[in-house]
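Below: the structure, in structure tokens.
In what follows, residues are counted from 1 in the order of the sequence shown.
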Amino acid sequence: MADLGADVIWVEQPGSRENTDLEAGKQPSPWDLMQHLYATKVYRGKRSIELDLTRPDDRKSAHALARDADVVLEN
């Protein structure tokens, strides 16, 4: 949807995203490279925010985002 011009905000749990950045000067393994390319494709054009939905303030933020959205999807 981001590729079609939608403003996509990815809401995720704190600490849930694996670091897929490649270190400068280090020869990446094929697995590291594959993970990096996958993440680059999946997260392309999206903004993200980490919210812990067990916390009342974070739930308020999630509700505010959903209230202003045209579409809400859950994976």
Linking Ile, Leu, Val, Met, Phe, Trp and Tyr through side-chain heavy atoms less than 4.5 Å apart, which residues share a cluster with Leu51? Ile9, Val11, Ile49, Leu53, Leu65
Reported CD-to-OG distance for the pair Gln35 and Ser29, which is rounded to 0.5 angstrom: 9.0 Å
Using a 4.5 Å cut-off on heavy atoms from C-beta on, say whether the side chain of Pro28 contacts that of His36. no
Scan residues 54-66 for pairs that pass side-chain hydrogen bond (donor to acceptor under 3.5 Å, both in side chains), counting only residues two or more places apart or in two chains. Asp52-Thr54
So, using salt bridge (charged side-chain N to carboxylate O under 4.0 Å, His left out) as the criterion, who are the partners of Asp68 when residues are at least two apart? none
Is the shortest heavy-atom distance from the side chain of Trp10 to the side chain of Val42 under 4.5 Å? yes
Identify the two heavy atoms, one from Gly45 and one from Ala2, that lie closest to each other, and give their separation to 0.1 Å. O-CB, 3.5 Å
With salt bridge (Lys or Arg N to Asp or Glu O under 4.0 Å) as the rule and sequence neighbours excluded, what pairs involving residues 37-48 come up? Asp3-Arg44, Asp7-Arg47
Name all residues meeting the salt bridge (charged side-chain N to carboxylate O under 4.0 Å, His left out) criterion together with Glu50; count only those two or more places apart in sequence or in a different chain, and write none if there are none. none
How is the hydrophobic cluster of Leu73 composed, in terms of its other members, when Ile, Leu, Val, Met, Phe, Trp and Tyr link through side-chain heavy atoms under 4.5 Å apart, directly or indirectly? Met1, Val8, Val71
